[in-house]
2 protein chains.
Amino acid sequence: MTDPGAPALLRNLASWQTGRVATLGTRFTAARMPLEARSDFAVLAALEEYGDLSQAELGRRLGLDRNNVNGIVTRLEEHGHLERRTDPVDRRRNIVAVTEAGSRHLHDLNERALAVQDELLAALDPGEREQLRALLSKVLDSHPAQPAS
Amino acid sequence: MTDPGAPALLRNLASWQTGRVATLGTRFTAARMPLEARSDFAVLAALEEYGDLSQAELGRRLGLDRNNVNGIVTRLEEHGHLERRTDPVDRRRNIVAVTEAGSRHLHDLNERALAVQDELLAALDPGEREQLRALLSKVLDSHPAQPAS
DNA sequence: GCACCAATGTTGGTCCGACCAACGTACTCC
DNA sequence: GGAGTACGTTGGTCGGACCAACATTGGTGC
């Protein structure tokens with residue numbers, strides 16, 4: 001206990017703690033994949049779980065705003081991981097659909113993400129990891145998932 | 001439960017969850033103080049708890065790298081919240097010390113930060129908040145607090 | 001005493017993610 | 001048909017985590 005880590009005032013702030021943990025996460029992530037791959041992962045995961053979505057819907061479900069969704073989708077499209085086609089019933093919307101390659105990419109990214117998880121949560125046993133997951137979920141569920149706009 | 005919130009793959013990633021919670025924290029913070037005030041708060045809190053420190057030490061304890069510490073300290077100095085003086089025993093170092101005004105500023109920021117806390121963790125009862133605090137602390141303690149460099 | 005290496009503070013720059021503002025297009029509702 | 005709204009897109013700001021390089025200063029081996 002010679003190193004108290006961080007000042008008590010900060011240790012009591014969940015916003016500070018989560019921020020630091022998230023930073024550690026991005027640091028570990030950087031070792032295993034390009035950083036931007038995290039957004040790609042989120043978008044691909046949402047599409048695989050919910051089926052095809054419009055860009056705006058994607059943003060709402062993931063808490064990303066539409067500007068950023070645009071960039072991510074464009075990048076994924078360029079790499080052949082998904083396809084954009086305009087919704088026939090509402091021609092404002094772009095329906096976004098994962099391709100075969102995108103699906104493979106998603107599963108590859110998932111494996112790397114799980115490795116990051118293990119590294120990040122190395123100090124917690126399975127029960128504690130589940131507790132943490134549940135508590136964070138509870139916090140997230142209590143706030144709208146939407147972006148700031 | 002018509003809105004599952006986020007895809008399962010993401011809900012299982014602590015790095016994603018903490019990232020989202022941290023984002024909510026910054027969003028709530030923005031409503032109560034300038035965003036940059038968070039770094040100021042961290043630095044002031046460290047100085048108040050540990051006593052005067054060099055900039056490099058500050059960075060190590062808080063997990064900030066020295067470039068950023070420089071900027072924060074400069075800003076706080078310009079506002080009269082702390083003082084820089086070169087360490088007489090090692091003239092490479094700047095000893096950083098909080099001023100009276102800085103101390104008042106710290107306590108003001110702390111109150112706002114606690115309000116953000118309450119808003120962020122509204123869904124958790126006191127016991128759950130303590131659990132969350134403890135789990136995040138455990139994770140943070142298991143990793144060196146130092147910046148990436 | 002001198003040469004080398006390490007640490008500190010500083011400057012200047014990159015990158016990513018969360019934002020905001022504005023625009024043209026397309027839909028809805030009345 | 002017109003007003004208001006949603007969508008996608010472009011172009012920008014800002015904070016924070018990084019990296020590279022430099023001058024100054026300390027420490028160490030010799």
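In the text below, chain A, chain B and the rest are named by the order of the sequence lines, each starting its count at 1.
Partners of B:Asn68 according to the side-chain hydrogen bond (donor to acceptor under 3.5 Å, both in side chains) rule, which considers only residues two or more places apart in sequence or in another chain, do not exist here. Applying the side-chain hydrogen bond (donor to acceptor under 3.5 Å, both in side chains) rule to B:Arg92 yields the partners B:Asp90; only residues at least two apart in sequence or on another chain are considered. For A:Glu77, the side-chain hydrogen bond (donor to acceptor under 3.5 Å, both in side chains) partners are A:Arg84, not counting sequence neighbours. Shown here are the side-chain hydrogen bond (donor to acceptor under 3.5 Å, both in side chains) partners of A:His81, two or more places apart in sequence or in another chain: A:His105. Taking the side-chain contact (heavy atoms from CB on, under 4.5 Å) definition, one finds that B:Ser103 meets it with B:Glu48, B:His107, sequence neighbours left out. Remark: B:Glu36 engages B:Pro34, B:Arg75 in a side-chain contact (heavy atoms from CB on, under 4.5 Å) (not counting sequence neighbours). For B:Glu130, the side-chain contact (heavy atoms from CB on, under 4.5 Å) partners at least two apart in sequence or on another chain are B:Arg133, B:Ala134.
Within the structure, the ring pair (Phe, Tyr, Trp, His ring centres under 6.0 Å) test picks out the following pairs touching residues 12-36 of chain A (sequence neighbours left out): A:Phe28-B:His143.
Taking a 6.0 Å sphere around CD of B:Glu83, one finds it holds 12 or fewer heavy atoms contributed by other residues, nucleotides or ligands.
To the nearest 0.5 Å, the span separating CZ on B:Arg32 from CG on B:Leu109 amounts to 13.0 Å. In this structure, the separation between CD on A:Gln131 and CG on A:Leu124 is 9.0 Å, given to the nearest 0.5 Å.
Mapping A:Val89 and B:Gln55 onto DNA chain C by nearest heavy atom places B:Gln55 at the nucleotide closer to the 5' end. Each of A:Ile95 and B:Leu64 lies near DNA chain D, and the nucleotide nearest A:Ile95 is the one positioned closer to the 5' end.
At D:dA6, none of the side-chain N or O atoms of A:Arg92 fall inside 4.0 Å of OP1 or OP2 (strictly under the cut-off). Between B:Arg91 and the phosphate of D:dG26, there is a side-chain N or O to OP1/OP2 separation shorter than 4.0 Å.
Looking at heavy-atom distances under 4.0 Å, B:Asp65 makes contact with a base. Note on A:Ser54: only backbone sugar-phosphate atoms sit closer than 4.0 angstrom, heavy atoms only; bases stay farther off.
The residues B:Asp52 and B:Arg85 are annotated as salt-bridged, a charged nitrogen and a carboxylate oxygen being separated by less than 4.0 angstrom.
The separation between A:Arg20 atom CZ and D:dG16 atom P is 12 Å, rounded to whole Å. With rounding to whole Å, B:Leu62 atom CG is found 14 Å from D:dC18 atom P.
At least one donor-acceptor pair under 3.5 Å links the side chain of B:Glu128 to the backbone N or O of B:Asp125.
Nucleotides of DNA chain C lying under 4.0 Å from heavy atoms of chain B occupy a range whose first and last members, 5' to 3', are C:dA6 to C:dC19.
The overall bend of the helix from C:dG1-D:dC30 to C:dC30-D:dG1, read as the angle between its terminal helix axes built from five base pairs each, is 30° when rounded to 10 degrees.
A heavy-atom distance below 4.0 Å to DNA chain D is reached by these residues of residues 66-85 of chain B, ordered by number: B:Arg66, B:Asn67, B:Asn68. Within residues 30-42 of chain A, the residues approaching DNA chain C are A:Leu35, A:Glu36, A:Arg38, A:Ser39, by heavy-atom distance under 4.0 Å.
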